[in-house]
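Just below is one structure, and these are the notes that go with it.
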Amino acid sequence: MTVTRENKIEQESTKREFYHLIINGEKVKSSTGETIKTYNPATGELIAEVAKASKEDANNAVAAARDAFDNGKWKKYPIGRRAQVLNKISAIMRTRFNEIVELEILDTGKSLHAAQGQVTQAIEDFEFYAGAIVGHRGTVNNVPGQFHNYTEKEPVGVCAQIIPWNYPLMMAAWKVAPAIAVGCSVIVKPASLTPLTAIILGEICLEAGVPAGVVNVIPGSGADVGNFLVEHPKVDKVAFTGSTPIGKDIMGKASQTLKRVTLELGGKSPSLVFEDADIDAAVDGSLFGIFYNSGQSCEARSRLYVHEDIYDEFMSKFVEKTKKLQLGNPFDKTTHMGAIIDQGQLDTIDGYVQSAKKEGAEILAGGNVAKPEGYENGYWYEPTIISNVNHDMSIVKEEIFGPVVVVMKFKDEKEAIRLANDTEFGLGSAVWSKDGARATRVANQIQAGIVMINCPFSAFPGTPFGGYKQSGFGRELCIETLDLYSETKSILSYYGSRPLNPFGL
Ligand code: NAP
Ligand code: MG
């Protein structure tokens with residue numbers, strides 16, 4: 001892609017047959033010549049081949065990032081100039097919006113409205129951090145005596161950023177934007193299932209003026225090159241979004257070199273619908289809360305607790321609307337739910353549902369693999385509601401990462417809070433009540449990083465996103481993320497006229 005003299009952008013088609021790695025500002029093939037094939041989950045069709053990074057490539061990417069950080073100019077740019085480049089990344093993404101949306105839909109099988117929302121947010125993330133970085137600064141501190149203390153925020157260094165497949169571009173943006181805003185260099189390792197839009201983001205960063213080596217993108221196996229980055233002594237920080245077991249593994253391995261670690265992991269988020277809720281709003285919000293992105297969201301509200309007095313009314317509306325959800329052509333704007341990422345994930349989802357059935361659970365909607373007309377070769381699951389469950393069942397305890405919600409009744413506020421917190425996770429949660437005092441009281445007692453009150457949405461640029469308990473730690477998408485890509489340096493100086501002689505010699 002080039003900018004002409006008239007300042008018009010001549011677009012290189014985003015959709016190609018082959019995608020390169022991006023290392024040190026160059027598009028390169030894998031050192032081994034190996035490729036990853038990436039498929040459209042809605043149809044099962046091959047989209048493209050992507051260079052598959054080897055350990056040698058990953059090592060080259062670390063060397064490039066290290067050199068760009070240690071010897072390069074990016075971190076020394078005036079903040080306003082870095083902000084300008086971030087804004088340019090957003091501007092180019094806006095110009096290429098439809099192409100990027102198309103590519104994200106092809107690579108993930110997600111619906112048009114979901115992809116449009118996520119690409120929009122990725123664009124806004126760069127704009128947000130272009131603004132936020134200007135106010136990111138140290139402090140001046142009171143020290144007794146003739147001492148002056150101030151702090152500097154310095155970029156942490158070379159960051160490995162490991163991305164999941166559920167929001168390929170948005171998760172890359174959540175990580176790349178704050179890191180480069182601060183002045184770090186990054187090596188992005190997209191999920192093998194969905195590498196395409198992260199590569200496009202890497203190209204756009206170069207186009208916007210990010211110097212070579214600051215943003216490297218290396219699709220490859222998590223167990224191989226992902227792990228290699230985590231163990232690499234020249235990587236200073238790992239930011240990971242993915243499953244809790246891999247997060248634990250990464251934290252253990254990163255301890256060997258005391259890397260800084262940010263972990264955004266799994267969830268089993270509760271939604272509490274009180275008897276004084278606006279029932280229609282709670283029904284619509286709960287539908288979105290679980291079935292958005294086909295339930296493949298870490299903060300999907302997959303445990304739904306409804307007060308016993310309104311349970312029947314709520315459930316009859318919730319089931320009726322769930323049955324109206326449209327599956328099928330992801331490019332059709334009336335499609336509510338796209339595909340499941342692959343056969344393995346589809347089998348996992350169905351496995352949970354079938355074993356819950358055997359344990360006596362009742363299926364109120366869905367419960368089966370779906371075959372939308374014309375999309376029989378893709379991976380689809382019916383939006384599924386399950387009742388007659390208890391907290392000992394794996395369908396209630398474990399993250400399914402699919403369009404499956406379990407529903408239970410509660411009697412009072414105390415029981416609702418107890419049930420909400422009876423989980424090893426702590427990412428999202430929702431409270432539906434028209435009583436503001438109650439909603440606040442309940443929100444204060446929920447052990448989760450995010451509480452949505454009468455609100456289906458979980459995050460916008462600026463709102464902290466991250467977990468309590470085994471959902472991880474560190475917050476993304478917000479001002480404090482900048483601190484997670486920084487070191488604080490404390491500078492203490494003595495300004496007395498007489499030299500100090502602490503030993504008195
Ligand atoms: P995953 O299997 O944990 O993989 C996530 C990423 O880690 C992928 O890029 C993967 O590479 C890589 N990886 C795998 N093994 C690795 C290792 N040993 N060392 C380093 N990297 C490794 O998760 P997923 O199945 O892609 O994503 C779904 C999970 O992510 C869910 O549990 C979900 O809750 C969580 N999630 C959390 C958030 C959040 O913000 N908290 C957001 C989105 C998703 P490969 O693709 O090559 O395996
Ligand atoms: Mg794909």
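Remember, it's 1-based here, ligands and their atoms both numbered in the order they're listed.
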Under 4.0 Å between a Lys/Arg side-chain N and an Asp/Glu carboxylate O for Arg16 and Glu99?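 No, Arg16 and Glu99 are not salt-bridged.
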Using the test side-chain contact (heavy atoms from CB on, under 4.5 Å), find all partners of Lys234 that sit at least two apart in sequence or belong to another chain.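 Residues passing side-chain contact (heavy atoms from CB on, under 4.5 Å) with Lys234: Val62, Arg66, His232.
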If you look at every heavy atom in Ile162 and Gly226, which pair is closest and at what distance?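 Answer, listing the atom of Ile162 first, then Gly226: CD1-O, 4.0 Å.
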Which protein residues come within less than 4.0 angstrom of ligand 1, counting heavy atoms only?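 Residue list for ligand 1: Ile162, Ile163, Pro164, Trp165, Asn166, Lys189, Pro190, Ala191, Ser192, Gly220, Ser221, Gly222, Ala223, Gly226, Asn227, Phe240, Thr241, Gly242, Ser243, Ile246, Asp249, Ile250, Glu264, Leu265, Gly266, Cys298, Glu399, Phe401, Leu427, Phe465.
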What about the rings of Phe457 and Phe288, do their centers lie closer together than 6.0 Å?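 Between Phe288 and Phe457, which both carry aromatic rings, the centre distance is below 6.0 Å.
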Output yes when a side-chain donor or acceptor of Asn216 lies under 3.5 Å from a complementary backbone atom of Asn24, and no otherwise.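 Checking the backbone N and O of Asn24 against the side chain of Asn216, a donor-acceptor pair under 3.5 Å is found.
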Would Lys237 pass as a cation-pi partner of Tyr485, given that its NZ or CZ must be under 6.0 Å from the six-membered ring centre and within 45 degrees of the axis?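 Satisfied, under 6.0 Å and within 45°.
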